[in-house]
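First comes the structure, then the notes that go with it.
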Amino acid sequence: MDYPDHYDTEAVLRCKQDLLQAAQEQENQTISDLFRQDPDRVVNFSLAAAGLHLDYSKTPLTEGVRSRLCQLANSAGLKALTEATFSGQVINHTEKRAVLHTALRGDPEEPVWVDGNNIKADVTTTLDRMEAFVEKVSDGQWLGFDGREITDIVSIGIGGSYLGPRVAIEALRPYWEEDLRCHFVSNIDAADLATTLEDLTPATTLFIIQSKSFKTQETLTNAESARDWFLKGGGESSEIGKHFVAVSSNVALAREFGIEESNIFPMWDWVGGRYSLWSAIGLPVALQVGMANFRKLLAGARAMDEHFREAPAEENMPVILALLGIWYQNFLGASSCAVIPYDQSLENLPAHLQQVDMESNGKTVDRSGNPVSMATGVVLWGGAGTNGQHAYHQLLHQGGEWIPVDFILPLKSHYPIGRHHAMLASNCLAQAQALMHGKSLESAMQELQAAGLSVEEAQKLAPHKVIPGNRPSHLITLEKLTPETLGSLIALYEHRVFVQGAIWDLNSFDQWGVELGKQLCDSLLPLLESPDASLQALDASTAAAVQRFRESSG
Ligand code: F6P
């Protein structure tokens, strides 16, 4: 490891034992009991920071457990690791890289050094280049090959080079620039590209090829097919420069593709793909909502960074959310967590957070290469409320496993139509209430009898109506979904992942697990495409599937 390691294994072990004991001691205590014991529970278990408010009172957390969990974070050297990260030390030791997405949104005057270079200067220059580009496109100075203005942007990228920008654009719909529409193509499935291009005109379309490595199969194949579409649609090779720009750290490959060097926006090794929204990967966002709003998004994230860096653990929103997750998973046995925004425009936030969380902490080897001693990583899932209420919430309420939920609710809507927003909010609050209170057999019986059922009938039906309750949820509210609050919200989850990775002693910033699939895919592709190639090296099931594919392709 290239940075001072402050992880105190012995102390972590002692904290774990303490916490296991605490979990046993409070086995029969319900969340409702905790509210009865502490009339100020809501105040004592709420926090406000960077435009967000977190109420975590509807949880099985006591003050004692909270302070033990904070000790755990302390023993894991969280503070030191945080400072090492923000100051540019090589935290991602398996790839020998610093982890500095926070520098992309940090104070430009505060230098951060990587290999003797103040990267803040590069960040500022890149933001200025983005601004100039955005202005040219939105002012109609950037013209397509037949002299018309650009009306459509197609961002081609996958994973971190796609999910964050898509979420930001969807979430910031009220801030969209008129006369410009951003589209996304990510999947290697041709349906994605074909259906996106269906209604577009080559002469007025600008492609942004988003790939840190410029080697990702899906992105390159989609980019090549997009270039073919452009050339078949009237564009000349010499005009590719007017219709294709790139964001990449691999300038040579982007140039080889045909993109002019002046149209390649940089990415750096010290920005991980899933944390790259804040870099030039955010270019589609800047085009769609304007550069001023993109800078506000960065400012919101910076406010959360400052809070995360400065607030003591017990008052630190990302730390508290992370510790709650650790409490549930490592001591109370949860294996999944749901993020449910009551905001249609955040429908795809869980998909972005899935990459941030699961690609970061879906690991079982610690930073020294030894197997970890506790459960790590969590299945993160979710979707927009109220839609989920008519789909998977049944399992949240009566399923065999309890699943902690983050409810996210903007207090004001951008669409003040009739009673919609109050209804949305009441649904959100009702779900959290239902999870906590549930319904006892006794009240189910009373309800059924009040509805006219006989005792015998009620006894048969009542068990189906019992809802266990005592299921935790957190309520994150914000005044309104703006570029600033969105930035702060996404940064909140990034830091939550960081804290959990620190406690589990993982390298949260590599992703070796995804490589094997890529390697196997590369060796299977020629077998699918050449009917005579031998399948002997394959397992029987894969060989049979390849054979079926070949037969079907004729
Ligand atoms: O899925 C693996 C991954 O490497 C992600 O971490 C990354 O965000 C994505 O692929 C895309 O990579 P690139 O930007 O290099 O095309």
Side-chain angles (χ1 to χ4, degrees), residues 91-101 104 126 130 154-169 182 184-189 192-193 207-227 244-257 259 263-285 348-363 377 379-380 490 493-494 497-498 501 506-522:
I91 298 306
N92 176 358
H93 66 292
T94 59
E95 295 182 313
K96 297 194 169 32
R97 290 173 182 169
V99 173
L100 279 168
H101 47 279
L104 297 165
T126 303
M130 285 170 72
V154 179
S155 166
I156 298 182
I158 198 163
S161 300
Y162 154 62
L163 291 161
R166 182 185 66 166
V167 167
I169 286 182
C182 273
F184 289 93
V185 174
S186 57
N187 202 326
I188 190 72
D189 183 344
D192 199 3
L193 181 72
F207 292 92
I208 309 179
I209 314 303
Q210 307 245 69
S211 179
K212 181 177 169 184
S213 59
F214 222 84
K215 286 183 178 166
T216 304
Q217 185 205 51
E218 292 94 327
T219 301
L220 287 199
T221 308
N222 278 323
E224 281 157 12
S225 300
R227 188 179 51 191
F244 286 81
V245 303
V247 180
S248 185
S249 61
N250 199 332
V251 176
L253 287 184
R255 286 196 60 189
E256 215 173 278
F257 178 89
I259 297 174
N263 292 339
I264 302 170
F265 293 85
M267 266 285 274
W268 302 279
D269 266 359
W270 41 266
V271 182
R274 51 194 175 273
Y275 299 94
S276 63
L277 163 65
W278 325 99
S279 71
I281 288 289
L283 191 56
V285 185
N348 287 312
L349 177 68
H352 174 52
L353 300 182
Q354 249 167 12
Q355 194 206 10
V356 172
D357 199 322
M358 294 162 82
E359 198 167 69
S360 297
N361 285 343
K363 292 160 193 171
V379 178
L380 188 153
I490 296 176
Y493 280 95
E494 289 180 349
V497 169
F498 175 82
L506 303 174
N507 177 359
S508 300
F509 300 100
D510 58 11
Q511 57 284 315
W512 301 105
V514 298
E515 294 307 319
L516 177 60
K518 290 184 192 173
Q519 284 163 10
L520 293 176
C521 173
D522 285 347

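In each ligand, atom 1 is the first atom listed, and ligand 1 is the first ligand listed.
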Query raised in the report: Which residue owns the protein heavy atom closest to atom 11 (C) of ligand 1, what's the atom, and how far is it?
Result: Ile158 O, 3.3 Å
Query - Minimum-distance protein heavy atom relative to atom 8 (O) of ligand 1 - result: Gly160 N, 2.8 Å
Query raised in the report: Please walk me through it: do Phe509 and His101 pass side-chain contact (heavy atoms from CB on, under 4.5 Å)?
Result: CA-CA 11 Å; Phe509 300 100; His101 47 279; 4.2 Å; yes
Report task. Starting from atom 14 (O) of ligand 1, locate the nearest protein heavy atom and write down its residue, its atom name and how far away it is, to 0.1 Å. Result -> Ser161 OG, 2.7 Å
Requested in this report: May I ask you to check whether Gln210 has an N/O atom sitting below 3.5 Å from an N/O atom of ligand 1?
Outcome: no
Query raised in the report: Any N or O of Gly273 that comes nearer than 3.5 Å to an N or O of ligand 1?
Result: no
Query raised in the report: Who pairs with Asn222 by side-chain hydrogen bond (donor to acceptor under 3.5 Å, both in side chains), at least two apart in sequence or on another chain?
Result: none
Query raised in the report: So is there a nitrogen or oxygen of Thr219 less than 3.5 Å from a nitrogen or oxygen in ligand 1?
Result: no
Report summary line: One should read off an interatomic distance between Ile490 CD1 and Trp278 CH2, to the nearest 0.5 angstrom, of 5.0 Å
Requested in this report: Give a yes/no on ligand 1: does Gln355 have at least one heavy atom closer than 4.0 angstrom to it?
Outcome: yes
**Report entry** Quiz item: cation-pi between Arg227 and Phe257, 6.0 Å / 45°
**Finding:** yes
Query raised in the report: Considering Lys212, Glu359, Lys518, which one's heavy-atom position lies nearest to atom 4 (O) of ligand 1?
Result: Lys518
Query raised in the report: Do Arg255 and Phe214 have side chains that get closer than 4.5 Å, going by heavy atoms?
Result: no
Requested in this report: For Leu277 and Leu163, run side-chain contact (heavy atoms from CB on, under 4.5 Å): C-alpha distance rounded to whole Å, both residues' side-chain angles, the deciding distance at 0.1 Å, then the answer.
Outcome: CA-CA 8 Å; Leu277 163 65; Leu163 291 161; over 6 Å; no
Report summary line: The closest protein heavy-atom partner of atom 15 (O) of ligand 1 is Ser213 OG, 2.6 Å
Requested in this report: Return the residue, atom name and 0.1 Å-rounded distance of the protein heavy atom closest to atom 12 (O) of ligand 1.
Outcome: Thr216 OG1, 3.5 Å
Report task. Output the list of atoms in ligand 1 that are nearer than 4.0 Å to some heavy atom of Val514, sorted by atom number. Result -> 2 (C)
**Report entry** Nearest-0.5 Å distance, CD1 of residue Ile156 to CD1 of residue Ile209
**Finding:** 4.0 Å
**Report entry** Residue pair Val271 / Lys212: nearest heavy atoms and the distance that separates them
**Finding:** O-NZ, 2.7 Å
